[in-house]
Number of protein chains: 2
Amino acid sequence: MRQDLKSKATKELIIQKSFEIFYEKGYNSTNIPDIMKETNLSKGAFYHHFKNKCDIGKIVINKIIKKRIYDGFISPLKDYENKNIPELILYVFTQRIKNYSEKEKQLGCPANNLINEIGCTQENDFRVLLSGLISDWNESLTKVIKEGVRKKELHSNINPKAISTLLIGSFEGIRGIRKVYDDDVIFQDYISSIKYYIKSIST
Amino acid sequence: MRQDLKSKATKELIIQKSFEIFYEKGYNSTNIPDIMKETNLSKGAFYHHFKNKCDIGKIVINKIIKKRIYDGFISPLKDYENKNIPELILYVFTQRIKNYSEKEKQLGCPANNLINEIGCTQENDFRVLLSGLISDWNESLTKVIKEGVRKKELHSNINPKAISTLLIGSFEGIRGIRKVYDDDVIFQDYISSIKYYIKSIST
DNA sequence: AATAAAACATACTAATATGTATGTTATTTA
DNA sequence: TAAATAACATACATATTAGTATGTTTTATT
């Protein structure tokens with residue numbers, strides 16, 4: 001195999017497996033041997049491609065988690081031109097929850113898990129990356145809410161940024177709390193409230 | 001010193017210091033030597049009073065964190081007889097945030113930190129204890145919201161349990177997200193939205 | 001006062017971790 | 001095709017940690 005392709009493939013394998021184990025065990029409880037067992041490669045391979053655990057942590061955030069938030073929450077907001085904004089927002093925040101697998105329900109949101117576990121304890125780099133994820137999401141959602149106001153589908157006296165913050169915060173909070181339950185009651189109540197809430201800010 | 005008093009005092013010291021270090025470093029990253037350095041006692045003292053780390057973890061939840069939630073969120077709801085319910089709820093969910101110290105802003109909510117870090121990864125005991133904290137809180141708040149409906153201070157067509165879930169979830173979510181920021185914008189937006197939200201469900 | 005037991009302290013074992021140093025094999029390049 | 005280098009594997013040095021075993025001191029009991 002060509003060396004550059006092989007190197008790239010190995011790197012991506014290690015990054016992907018790292019993400020999965022961080023997601024399942026948390027960042028601090030994951031160790032390099034754990035990761036490399038999953039890749040069927042040796043520790044030498046890891047340290048050939050990455051500096052250390054911190055290094056892979058940041059890369060996982062930038063390559064995997066960032067993309068997940070983009071694909072799941074930002075991208076679906078993009079083509080808001082033709083759609084009813086309140087419906088679009090409701091869809092994004094409830095349809096995903098309805099489609100979560102058992103594993104995703106138990107393990108919560110990868111981004112939120114990292115935010116809560118290492119948001120403030122690890123070096124500052126992590127904090128900046130993680131806040132960047134939320135800020136990107138928040139800005140995209142705020143833009144859509146503003147567009148909803150412009151189109152008179154949302155009340156004009158609302159605070160778009162504040163609403164965006166509440167939507168994102170409540171979503172992440174609920175996904176966290178769901179982790180300690182073994183049923184979907186909390187999700188159902190959340191969806192019920194979000195429906196009501198979005199209705200209340202709609203024209 | 002009397003032996004039973006001494007024993008009790010030592011236990012309480014270890015529990016309190018454990019809570020503080022769990023809060024600062026997270027559960028998984030805290031080790032017994034870390035804790036005992038803070039108490040100026042030896043490791044032998046720890047294992048004399050507690051079985052292991054898991055044991056102290058559960059005790060910290062039951063003795064410290066449970067009480068914090070009770071004192072901070074449940075107890076203030078108790079004397080709702082004489083108060084306006086929407087105002088009381090708004091007060092509980094915003095006043096606390098305004099009074100948080102820098103440390104509390106950076107470190108987030110002790111309960112939510114544990115929920116997100118070890119909610120599903122550790123043994124089932126933790127999950128049950130942590131969900132119990134949220135359930136107790138949720139039930140107390142739901143009761144108050146129902147009382148608000150009865151007193152016609154809140155709309156009759158709302159879903160009290162769902163509203164309670166959204167309030168708690170958003171609060172915890174926001175406290176988590178705040179950890180990766182170094183300013184209070186996210187709190188201000190949250191407070192703004194919660195004010196608007198509570199107004200929207202009030203008569 | 002003598003004995004027992006609780007409250008610790010110290011020393012140690014065993015397991016596990018990170019990161020490095022040094023091999024070996026595959027690929028590239030001159 | 002030979003030298004160089006990248007892509008790994010293996011072995012190791014070091015550190016850390018949980019938990020135990022066994023001391024010593026303090027308090028309680030008889």
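A, B, ... follow the sequence lines: proteins, then strands. Residue 1 opens every chain. Scope of the values below: all heavy atoms of this structure, side chains included, with no hydrogens, waters or symmetry mates.
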Interatomic distance where OH belongs to A:Tyr47 and P belongs to D:dA6 [whole Å]: 21 Å

Rounded distance (Å) that lies between atom C1' of C:dA26 and atom CG of A:Leu5: 15 Å

In whole angstroms, how far is the P atom of C:dT10 from the CG atom of B:Asn40? 12 Å

When B:Asp34 and A:Gln3 are each assigned the nearest nucleotide of DNA chain D, the 5'-most assignment goes to A:Gln3

Got a salt bridge between B:Asp182 and A:Arg127, using NZ or NE/NH1/NH2 to carboxylate O under 4.0 Å? yes

Rounded to whole angstroms, how far apart are NZ on B:Lys6 and P on D:dT25? 13 Å

Under 4.0 Å from OP1 or OP2 of D:dC8: is there any side-chain N or O of A:Thr10 that close? yes

If I take atom CD1 in residue A:Ile35 and atom P in nucleotide C:dA17, what distance separates them, rounded to the nearest angstrom? 11 Å

Looking at A:Lys51, A:His49, A:Lys43, which one forms a side-chain contact (heavy atoms from CB on, under 4.5 Å) with A:Tyr47? A:Lys43

With a 4.0 Å limit, can you tell me whether A:Ser7 has a side-chain N or O closer than that to the phosphate oxygens OP1/OP2 of D:dA7? yes

Presence of A:His48 side-chain N/O under 4.0 Å of D:dC8 phosphate oxygens OP1/OP2: no

Would you please confirm or rule out a distance under 4.0 Å between OP1 or OP2 of C:dA7 and any side-chain N or O of B:His49? no

Would you sort out whether A:Phe171 and A:Phe73 count as a ring-ring contact (aromatic ring centres under 6.0 Å, His included), showing the intermediate values? CA-CA 11 Å; A:Phe171 182 84; A:Phe73 299 101; 5.1 Å; yes

Distance, rounded to the nearest Å, where B:Arg2 contributes CZ and C:dA7 contributes P: 13 Å

Decide whether A:Asn28 and A:Glu117 meet the rule of one side-chain donor and one side-chain acceptor closer than 3.5 Å. yes

Using a 4.0 Å heavy-atom cut-off across all strands, classify A:Lys43 as base, sugar-phosphate, or nothing. base

Expressed as a whole number of angstroms, how long is the span from A:Phe46:CZ to D:dA9:P? 14 Å

B:Asn52 vs D:dA18: side-chain N/O to OP1/OP2 distance below 4.0 Å: no

Rounded interatomic separation in angstrom, taking OH from A:Tyr27 and P from C:dT18: 10 Å

Would you mind telling me which residue lines up with the more 5' stretch of DNA chain D, A:Ala45 or B:Cys54, judged by nearest nucleotide? A:Ala45

Salt bridge B:Glu172-B:Arg175, side-chain N to carboxylate O under 4.0 Å: no

